[in-house]
Undergrad: 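Right, I'll just put the structure down here and ask away after.
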Amino acid sequence: MRLTRRTMMQGTILSAAVAGAVPAMAQARRGKAVEASLRWIDGAAPELHYGQTFGVAWTRGALAKGQSLTVRGPDGDVPSQSWPTAYWPDGSIKWTAHAVPAGVGAEKFVVASGRPALPAAPVSVRETADAIYLRSGALEWEVAKSGPAAIRSAKNGERILLANARLLGEIRAGSPEGERVALTGTIEQAVVEQKGPVRAVVRLEGHHVGGGRSVLPFTVRLYAYAGSGALRVVHSFILDIEATDHVSALGIATDVPMRGELHDRHVRLATADDAMFVEAVRPLTGLRRDPGKSVRDAQIAGHTVPMAEMRDPVGKLLERIPAWNDFSLSQLSANGFTLTKRTGEGHGWIDSDEGRRAPGFGYVGSPQGGAGIAARYFWQRHPTQIDIRGAAGDTASLTAWLWSPDAQPMDLRAYHGTMGMDGFDAQNEGLDITYEDYEPGWDDPKGIARTSELMLWAFDATPETPQLQALARAAATPPQLMADPAHLHAAGVFGDWNLPDRSTPQRALIEDQLANLIDFYAGEVDRRSWYGFWDHGDVMHSYDSDRHQWKYDIGGFAWDNSELSTDLWLWYAALRSGDAKTWRLAEAMTRHTGEVDVYHMGRFAGLGTRHGVQHWSDSSKQPRVSNAAYRRIFYYLTADERVGDLMRALSTSEQTLAHVEIGRKTGAPKEDLPEGVIQMSFGTTWAVCAGAWLTEWERTGDRKWRDRIAAGMDSIGRMPNGWLTGGAPYDLKSGRFLSRDTIGISHLNSVFGAVEIQAELIQLIDVPRFRDVWFDYCRWYNAPRDEWAAKFNRPYGGRNLKQGHSRLTAYVAKQTGDAALARRAAAEFYSGEAGMRIVKGDPRVKLPGGVVEWPGVSTNGSAQWGLAAIQTLALVPEALDTVPIPVRAPRADQANPEQGPGYRP
């Protein structure tokens with residue numbers, strides 16, 4: 001990157017910030033010394049970043065409340081800001097979050113005891129009656145507390161660099177072709193959440209208003225970091241309109257004062273990671289008459305054109321050169337964008353460029369200042385667009401469209417009619433043939449949400465193109481610091497998992513398959529184009545080997561919607577490896593499943609939707625999908641406020657079940673229950689809700705959440721058959737189950753995070769009778785039929801997901817020291833029953849047309865195999881070494897040299 005005066009100044013400021021930092025104290029204010037290593041998920045220090053926030057876990061009792069922490073690099077302390085995000089039951093700190101300024105770079109850091117260093121130019125926050133002012137260095141952002149402008153201005157001194165940053169939207173009323181209703185985001189509340197010195201956060205809430213409507217409620221967070229000339233913008237909205245209306249545009253725009261001559265006004269649009277559309281409003285290159293090399297070079301570089309060096313007759317004929325007023329980069333699919341421009345309203349658009357995948361960055365300005373904007377997941381969440389309008393006038397507008405106004409409106413209507421399925425019998429027949437649990441009126445997207453991440457810059461001058469390219473890359477793929485997996489593992493968080501272990505041949509086979517399977521899914525996202533505004537982040541549920549296609553159009557076999565804990569599998573894999581590919585696959589899934597697959601308002605608030613052709617089409621609305629356990633790992637690793645909000649909203653989701661009956665179609669006799677008491681399963685509902693309560697207890701220290709969990713644990717423990725009861729009537733007020741002397745084993749009762757949450761609850765809350773009945777469940781679920789018959793005078797019943805449940809057997813084996821159970825767990829894991837087998841080599845098959853298949857794959861099987869692999873490696877590694885892996889010869893009809901050695905279907 002070539003240096004400019006601005007980049008040199010930024011480097012000087014950053015060096016001064018580090019050099020002027022307050023020296024760290026040798027010991028923390030109180031408590032024993034602690035230390036945690038950090039690493040970049042991409043392995044090396046990034047070329048730049050906009051400021052970092054990351055989480056660190058601490059062993060119980062290691063870090064006291066109020067104990068000071070600093071972030072230290074190879075050359076000493078760097079400026080940092082720290083705060084607690086979770087507590088152990090004894091009051092010691094379990095998780096902390098830390099922020100460091102933009103540009104602080106080194107290969108490795110540590111968080112250690114000591115007073116945090118302060119930046120030389122801290123972020124500061126000032127409030128007045130109607131505004132919040134964020135200052136970082138010489139730049140001040142004025143954030144509105146009410147009204148149509150989210151950011152009234154960004155100034156350097158008295159010079160306004162951008163103004164009137166606002167949220168935009170549009171709906172089509174009545175049909176996709178209906179009347180256009182323009183919307184503008186109106187701020188109703190503004191809250192300062194953090195005040196610096198390294199990181200400041202402001203939360204804005206409001207609605208999109210227009211045409212007599214107030215719709216699409218939003219939450220926008222603005223993040224300012226020391227050393228940065230940008231704001232990070234996290235934009236969330238809830239879809240609250242009727243199915244007859246259609247969102248046709250959604251975006252964020254800002255006005256940019258245009259100073260200087262038309263030939264000194266610059267437009268930049270990123271067209272690839274290493275390519276940029278670099279033009280001026282009035283171009284001086286390519287003319288019939290050459291203005292001179294120094295003139296041409298200055299314009300391309302974004303500098304003021306040296307008019308004294310301009311050759312005749314160009315200077316006299318400038319007004320004869322057309323000025324380009326409007327520019328538009330439109331990414332309407334994941335695999336193609338177009339770039340057009342025009343001289344003004346009413347004139348034709350001229351094709352300027354086209355390509356495959358634009359990073360989603362735009363800039364407009366001059367040597368006297370400008371603005372830039374970028375949207376993460378730009379091409380992945382098509383249809384998107386970057387627009388520049390009015391560049392030849394006094395004020396330009398720069399807009400990042402999260403849904404392009406040039407695309408067809410969102411069409412979220414039901415994908416099929418009722419097909420005579422008004423009754424439960426017909427609906428169950430549909431479930432039997434397409435695996436879809438359809439019910440008229442329940443396939444409603446009203447209440448789902450989407451969160452987008454953007455960057456907004458205010459520049460003193462047009463930056464050099466290489467600098468803008470680096471900014472665009474960092475916005476498209478943000479660097480991320482992470483606590484070292486070995487430190488996280490030693491802290492004892494998130495139950496049973498281990499670090500990658502290839503110390504024996506058997507373990508190496510498992511580790512290789514874990515890595516290959518994640519690589520396969522990451523590849524499928526791109527090969528199958530699992531992209532689009534509402535779809536990006538999810539994966540498909542089941543594969544159709546006849547069509548060589550995932551079952552995107554077959555009922556409950558289509559979008560996965562977290563079925564059987566895909567999110568958990570990916571996050572545990574990321575925890576142990578720290579791998580960037582795994583992290584980003586899991587992160588995109590968290591951004592999707594916690595928003596799109598969950599209802600955030602209305603009659604289904606707090607519940608999620610079972611897997612289906614549309615993310616909201618199935619009528620099974622359950623907590624097992626909304627599931628805080630699927631979000632909490634990401635939250636603690638990043639301190640992401642939006643995900644924190646989503647989990648907090650789930651802490652009362654069980655109340656929705658008072659009017660949404662999960663088992664209404666099962667045909668089971670209905671028990672006459674008193675008001676405020678509902679039927680609740682232990683695993684798919686109570687354990688899921690307990691995950692939300694646990695997270696709220698950890699985050700706040702409020703014992704009411706701990707007591708609610710303990711009440712449920714105690715009442716389960718008191719039942720004659722404990723966890724084997726499967727479920728019972730639940731009192732919503734007391735948090736206790738009513739005792740029942742039944743056995744109701746379901747293969748789903750432990751595969752939606754229940755295993756992982758129970759491991760944490762038993763560690764944190766001492767309820768011996770609950771621990772004992774959970775051990776019993778883990779011991780007997782996969783027990784051989786004859787052992788069950790000898791123990792229980794009850795039918796054995798059906799079993800499923802034997803391989804996935806091997807981790808339950810492994811858990812009780814580890815807890816009780818039972819070597820025979822450990823060997824049984826290993827055999828169950830290796831069996832492949834309702835999962836997948838261990839394959840020597842890479843089982844992926846390459847087919848014509850770029851198709852890659854993993855024979856027999858299903859996401860249910862993959863997720864449960866992945867979790868079982870991680871947990872059996874952690875709990876019974878020696879048994880995995882001694883129990884032989886079953887060997888089966890490949891079937892002749894599936895032989896293929898590309899299937900890898902030792903392939904078995």
Side-chain angles (χ1 to χ4, degrees), residues 422-429 431-432 437-439 441-442 603-610 618-627 652-693 708-752 754 758 767 769-770 773-774 776-777 780-781 792-800:
D422 292 329
F424 285 173
D425 289 344
Q427 293 163 27
N428 285 329
E429 289 172 357
L431 178 66
D432 189 48
D437 187 2
Y438 174 77
E439 185 172 344
W442 289 59
R603 60 174 173 158
F604 303 133
L607 307 182
T609 301
R610 178 180 174 270
D618 198 274
S619 72
S620 181
K621 313 297 184 183
Q622 298 195 36
R624 77 188 209 194
V625 183
S626 52
N627 212 332
T652 57
S653 61
E654 77 279 5
Q655 302 298 323
T656 302
L657 300 178
H659 62 265
V660 176
E661 184 184 353
I662 293 174
R664 64 192 180 280
K665 301 184 188 180
T666 62
K670 291 189 178 181
E671 187 175 350
D672 188 16
L673 299 174
E675 186 176 352
V677 177
I678 63 170
Q679 287 289 346
M680 182 180 283
S681 68
F682 295 165
T684 56
T685 303
W686 180 82
V688 167
C689 294
W693 304 330
R708 188 166 185 82
I709 298 168
M713 294 171 72
D714 182 71
S715 58
I716 292 172
R718 290 179 183 275
M719 292 189 191
N721 298 300
W723 191 276
L724 291 165
T725 308
Y730 181 79
D731 185 339
L732 289 168
K733 184 176 181 180
S734 69
R736 297 186 67 85
F737 286 94
L738 309 185
S739 185
R740 291 293 183 268
D741 186 7
T742 58
I743 288 182
I745 293 180
S746 166
H747 64 289
L748 298 180
N749 230 4
S750 61
V751 294
F752 289 93
Q758 302 320 306
V767 183
R769 58 172 55 95
F770 178 83
V773 299
W774 177 244
D776 284 344
Y777 187 80
W780 292 108
Y781 181 90
F792 299 97
N793 187 26
R794 305 288 178 96
Y796 182 72
R799 297 289 194 275
N800 197 357

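Quick caveat, the model's predicted, so the values are computed rather than measured. The residues of the chain are indexed from 1 along the displayed sequence.
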Undergrad: Please examine the side chains of Q679 and K670, heavy atoms only from C-beta on, and report whether any two atoms are closer than 4.5 Å.
TA: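 No - every pair of side-chain heavy atoms lies 4.5 Å or more apart.
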
Undergrad: Minimum heavy-atom separation for W686 and I716, please, with both atom names.
TA: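 Closest approach of W686 to I716, heavy atoms only: CE3-CD1, 4.0 Å.
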
Undergrad: Less than 4.0 angstrom from a charged side-chain N to a carboxylate O is my criterion; do K665 and D432 meet it?
TA: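 Between D432 and K665 there is no salt bridge, as every charged N stays at least 4.0 Å from the carboxylate O atoms.
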
Undergrad: With no hydrogens and no angle check, is any side-chain donor or acceptor of D741 less than 3.5 Å from a backbone partner on P720?
TA: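 No, because the side chain of D741 does not come within donor-acceptor range (under 3.5 Å) of the backbone of P720.
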
Undergrad: Do F792 and L724 have side chains that approach each other closer than 4.5 Å (heavy atoms only, starting at C-beta)?
TA: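 Sidechains of L724 and F792: in contact.
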
Undergrad: Looking only at non-hydrogen atoms, find the nearest pair between I709 and A690 and report the distance.
TA: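 Smallest heavy-atom distance, with atoms named: CD1-O, 3.9 Å.
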
Undergrad: Would you confirm whether N721, through its side chain, and T742, through its main-chain N or O, come within 3.5 Å as a donor-acceptor pair?
TA: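 Side chain of N721 to backbone of T742, a donor-acceptor pair under 3.5 Å: yes, one is there.
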
Undergrad: Do the non-hydrogen side-chain atoms of S653 and C689 ever get within less than 4.5 Å of each other?
TA: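 Yes, close enough: below the 4.5 Å cut-off.
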
Undergrad: Do the side chains of R664 and E439 get nearer than 4.5 Å, heavy atoms only?
TA: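 Yes, at least one pair of side-chain atoms sits under 4.5 Å.
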
Undergrad: I'd like to check Q622 versus R610 (side-chain heavy atoms, cut-off strictly below 4.5 Å). Are they in contact?
TA: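 The answer is no; the side chains never approach within 4.5 Å.
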
Undergrad: List the steps and the verdict of ring pair (Phe, Tyr, Trp, His ring centres under 6.0 Å) for Y777 and F682.
TA: CA-CA 12 Å; Y777 187 80; F682 295 165; 9.0 Å; no

Undergrad: Would you check, one step at a time, whether the test side chain to side chain donor-acceptor pair (under 3.5 Å) holds for S619 with D437?
TA: CA-CA 6 Å; S619 72; D437 187 2; 3.2 Å; yes

Undergrad: Do the non-hydrogen side-chain atoms of R799 and I745 ever get within less than 4.5 Å of each other?
TA: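 Result yes, sub-4.5 Å side-chain heavy-atom pair found.
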
Undergrad: Determine the minimum heavy-atom distance between A687 and A754, stating which atoms define it.
TA: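 Closest heavy-atom pair between A687 and A754: CB-CB, 3.8 Å.
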
Undergrad: What distance do R736 atom CZ and R718 atom CZ have between them, rounded to the nearest 0.5 Å?
TA: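 It is 6.0 Å, given to the nearest 0.5 Å.
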
Undergrad: Take atom CG of N800 as the centre, draw a 6.0 Å sphere, and report whether it contains more than 12 heavy atoms from other residues, nucleotides or ligands.
TA: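 Result for CG/N800: enclosed.
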
Undergrad: Please evaluate residues E654 and W693 with respect to the criterion side-chain contact (heavy atoms from CB on, under 4.5 Å), reporting the C-alpha separation (whole Å), side-chain torsions for both, the decisive distance (0.1 Å), and the verdict.
TA: CA-CA 11 Å; E654 77 279 5; W693 304 330; 3.7 Å; yes

Undergrad: Rounded at 0.5 Å granularity, tell me how far OG1 in T666 sits from CG in N428.
TA: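 If I round to the nearest 0.5 Å, the distance is 8.5 Å.
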
Undergrad: Run the salt-bridge test on R769 and D714 with the 4.0 Å N-O cut-off and return the result as yes or no.
TA: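 A salt bridge is present here (some side-chain N lies under 4.0 Å from a carboxylate O).
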
Undergrad: Quick one: does any side-chain atom of D618 pair with a main-chain N or O of T609 as donor and acceptor, under 3.5 Å?
TA: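 Not at all, since once roles are kept as given, no pair shorter than 3.5 Å links the two residues.
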
Undergrad: F737 ring centre to R740 NZ or CZ under 6.0 Å, with the angle to the axis within 45°?
TA: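 The answer is no; the distance or angle limit is not met.
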
Undergrad: So do L657 and T685 actually touch side chain to side chain, heavy atoms under 4.5 Å?
TA: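 Sidechains of L657 and T685: in contact.
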
Undergrad: Quick check: does any side chain N or O of T725 sit under 3.5 Å from a backbone N or O of G727, one acting as donor and the other as acceptor?
TA: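 A pair under 3.5 Å: no.
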
Undergrad: Give the minimum heavy-atom separation between T684 and R624, together with the two atoms involved.
TA: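 That closest heavy-atom pairing would be O-CB, 3.4 Å.
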
Undergrad: Measure the CE-CG distance between M680 and L738 for me, rounded to the nearest 0.5 Å.
TA: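 Those atoms lie 11.5 Å apart.
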
Undergrad: Applying the ring pair (Phe, Tyr, Trp, His ring centres under 6.0 Å) criterion to W723, which one of W780, W774, Y781 satisfies it?
TA: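 Result: among W780, W774, Y781, W774 is the only option passing the ring pair (Phe, Tyr, Trp, His ring centres under 6.0 Å) with W723.
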
Undergrad: For residues L732 and A658, report the shortest heavy-atom separation together with the two atoms involved.
TA: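 In terms of heavy atoms, the two residues are closest at CD1-CB, 4.0 Å.
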
Undergrad: Please answer whether the main-chain N or O of W442 pairs with a side-chain N or O of K621 as donor and acceptor at a distance below 3.5 Å.
TA: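 Judged by distance alone, yes, a pair lies under 3.5 Å.
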
Undergrad: Is any side-chain heavy atom of P729 closer than 4.5 Å to a side-chain heavy atom of E671?
TA: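 Result yes, sub-4.5 Å side-chain heavy-atom pair found.
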
